[in-house]
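Input: a single structure, listed below in C-alpha cells.
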Amino acid sequence: MSIKRSIWGLHGLAPIWLQRTFALTPFVSLVLLYVIASDYRLEINPQDKLLPSLGQISDSVERLAFNPDPRTGDYILLKDTLSSLSRLGIGIGLASITGLLLGLNIGLIPATRHLLMPFMTFISIVPPLAILPILFITFGVDELAKVMLIFIGTFPLITRDIVLTVRTTPAEQITKALTLGATTTQVIYRIVMPQVLPKLIDTVRLSLGAGWLFLIASEAIASTDGLGYRIFLVRRYLAMDVIIPYVLWITFLGFVIDWLLQQLIAKRFPWYRR
Amino acid sequence: MMNELKTRNLLHLEDVYKSYGDKLVLDDIDLSVAAGEFCTVVGPSGCGKSTLLRIIIGQERATSGTVFIDGKEVGNPDPTRGIVYQRYSLFPHLTVLENVLLGKELAFSYLKRDMAHRQFRDEAMAMLERVRLADHVHKYPHELSGGMQQRVAIAQTLIKRPKIVMMDEPFGALDPGVREDLQLFLLELWEEIGMTVFFVTHDLEEGVFLGTRLIVLSQYYSTEGSKHKHGAKIVADHSLPKNVLSTRVKRAQEFSALLEEVRREGFDPAHLQHIDAFNLKHKDSFATR
C-alpha cells in the first residue's frame, strides 16, 4: 500500500495536467472577472468607457495593428513598436557595454576601483526620472534624450552587478592565468570577461524592467510615436480599448525578450549555472 | 656556501618572513631546492605551508626576504613557475582542450587564436593523451570527475614547460583510491619529463611517499627563554630514497619509522624540539643567522 500524499503539502506533486491547469487558473479567472464586470457596466450604461467589451477591444486592435492610418498610411502599432524597441535597444545596449567595461576594470584593477567606485555608487543613487528635465534641456526632445534616460537609468546598476561578479573570481584563477603567460589586459578581456558575459545577460534581463519604465516615462512626456506615447495620448479620451491591448502587447514583448535572452544563455554558455 | 647554493639551485629562498598584522606566520625561511628534485612540504595545519607556496609563485608578497629562480629574483606570477591548485586550476568556460591550449594561445592576439589552436593542437592532444584524457577533450570541467579535472590541470600546467611545478594540495579533495592513482601517475610523469616539483600537502604519508626531499614546516619548537609565539620554521629536512613506482613501500617498515620521526619533529605540540636540534643535514639545507 502506498502512502497517500496531499498535493497541497510540502511534498505535493500534482500530475502534469493538473500543473498546467494550475498555471492557467489565475489567467482565466482574470479574463472571466473582466468580462463579467464589463458586461455588467455596459448593461447599465452602454456609453461606459472604463471596461470596454472584448469586441470593442478587438475592433481597436484591428484598426491600430492591421489597417493603415488613413492620414499617414502607417500601421500605428507596428510603428510605435519599432520606435520603442529601437530606443530601448540602443539605451540598454549602450548601458550593457558601458557597464561591462566599467565593471571589469573597477572589479579587477584596484586603482580604477578607488577612482570610480564611490562615484558610481553616487550616480546609481541619483533618481533618473528627477533628472529627466535636465536631459530634455540638454539633449533636446528628440531620440537622444530618451535613449540617455534609459542609459543613465540602467548602466549604474549593471556596472555594480558586474563589479560584484568580477570580485568573486578566485585569486587562484588570476594567478593561474598569469603563470600561463597572460598579460593584465588578457586577464581582463580573455579570462574574466568571457566568464561574466552570461551574468551580464542575466543582469540585462533584470534591468529591462527599469528600461521599460524609463522608456514609457520619456515617451509620455515628449514624443510623436512609441508605445508609451500612444497610451498617454489616448488616455485623454479614456480610450481603455486601446490602453488595455497596448499594455498586454508591452508585457508580451517583455516576456519574449526575456525568453530569448534566456535561450541565448542556455545555447552559448552551457557551463553557466554549474 | 649560500651564494653557491643560490647560483647552483633552481629555487632559492632567503630570509623569508610573512606576517599578517601582528601574527608572524613564516619565521625566517631559508630554502634551496635543486633542479629535478621532487620536494614535498608537510606540516601541521595552519603552519603556513600554502602561504609559503603562494609567496614562491608570487600570489602573495613576503613581508621581507627574497625568492630566486635560477639565481634571479622573482615577483609577480609568471610562466617560470607553474601551479596546480586543489581547486580553481581550470577555467570553467573553456573545454578541456581549450584549457590546455590556453598557455599557448595567450602568446597570440585574440584574432589569431584560431591559428594558435591549429598550430598547437597536436602538442595539446599529445599532452592530453599522456594524462589519459584524449576521449574527453571537448567536455567542460564541470562534466569531469575530480581526478580527471586534476589531470587536466597538470596537462594545462606542463604544456607551458615551467621551470618548476608548484602544487598546493592537488589531490586533497579526491577519494583515497583516485588519490593513490594520481600519486603514481604524477611520479611517472616526473620520471618521464624530469621536471622539478614543489608539492605542499597536509598528508604526511603522501609527502613521504612522493618526495625525494621532505621539508617539515612547523610552529612547534622551542627557543632560548622565549615563551611568546613564534612563526613556523623549517624544523627538518630529509633526503628520501628514490621512489619505486608502487604503493607497496607505504607498508614497509622504514616508511612507517620515518613517518613516526617526522610526526615527532613537526606535528606533535607536546614534543618541542629545540631550535638548535633541527635536523637540517640535507646537502642543500642552510640557515642564515
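Within every chain, numbering begins at 1; the chains are lettered A, B, ... in the order of the sequence lines, protein sequences first and strands thereafter.
In terms of heavy-atom pairs under 4.5 angstrom with chain A, the leader among B:Ala153, B:Ser89, B:Gly82, B:Ala107 is B:Ser89. Comparing B:Lys104, B:Met166, B:His142 by how many heavy-atom pairs each has under 4.5 Å with chain A, the most go to B:His142.
Residue B:Ile159 does not touch chain A at all, counting heavy-atom pairs closer than 4.5 Å. At a 4.5 Å heavy-atom cutoff, B:Thr80 makes no contact with chain A through either its backbone or its side chain. Using a 4.5 Å cut-off between heavy atoms, B:Tyr110 touches chain A through backbone and side chain atoms alike. Residue contact with chain B, scored on non-hydrogen atoms closer than 4.5 Å, involves the backbone and the side chain of A:Ile191 alike. At a 4.5 Å heavy-atom cutoff, the contact between B:Arg113 and chain A is made by side-chain atoms alone. With a 4.5 Å cut-off on non-hydrogen atoms, B:Gln156 touches chain A through its backbone and its side chain both. Heavy atoms of B:Tyr88 lying under 4.5 Å from chain A belong to its backbone as well as its side chain. Residue A:Pro198 does not touch chain B at all, counting heavy-atom pairs closer than 4.5 Å. Residue contact with chain B, scored on non-hydrogen atoms closer than 4.5 Å, involves the backbone and the side chain of A:Glu172 alike.
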* Check the pair B:Asp78, A:Leu178 against side chain to side chain contact (heavy atoms under 4.5 Å, CB included), reporting the backbone distance first and the verdict last. => CA-CA 5 Å; B:Asp78 64 38; A:Leu178 293 173; over 6 Å; no
* Intermediate values then yes/no, side chain to side chain contact (heavy atoms under 4.5 Å, CB included), A:Arg190 and B:Leu106 -> CA-CA 9 Å; A:Arg190 282 169 75 172; B:Leu106 286 171; 4.2 Å; yes
* **CA sep, side-chain torsions, deciding dist, call: A:Trp271, B:Glu143, side chain to side chain contact (heavy atoms under 4.5 Å, CB included)** => CA-CA 9 Å; A:Trp271 46 270; B:Glu143 297 170 282; over 6 Å; no
* What's the verdict on side chain to side chain contact (heavy atoms under 4.5 Å, CB included) for A:Leu180 and B:Phe91, showing C-alpha distance, side-chain angles and the deciding distance? -> CA-CA 12 Å; A:Leu180 292 176; B:Phe91 298 97; 4.1 Å; yes
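Residues B:Thr157 and A:Lys176 form a side-chain contact, since some pair of their non-hydrogen atoms from C-beta on lies under 4.5 Å apart. Side-chain contact between A:Thr179 and B:Pro77: present, with at least one pair of heavy atoms (C-beta onward) separated by less than 4.5 Å.
Closest non-hydrogen pair, A:Ala171 versus B:Gln59, comes out as CB-NE2, 3.8 Å. Residues B:Pro79 and A:Gly181 share a closest heavy-atom pair of CG-CA, 3.6 Å.
In this structure, CD on A:Gln173 lies 10.0 Å from OH on B:Tyr85, to the nearest 0.5 angstrom.
Heavy atoms of other residues, nucleotides or ligands lying less than 6.0 angstrom from OH of B:Tyr20 number more than 12. With a 6.0 Å radius and a threshold of 12 heavy atoms from other residues, nucleotides or ligands, A:Arg113 has its CZ atom above the threshold.
Near-neighbour residues of residues 143-157 of chain A relative to chain B, defined by a heavy atom under 4.5 Å from a heavy atom of that chain, are none.
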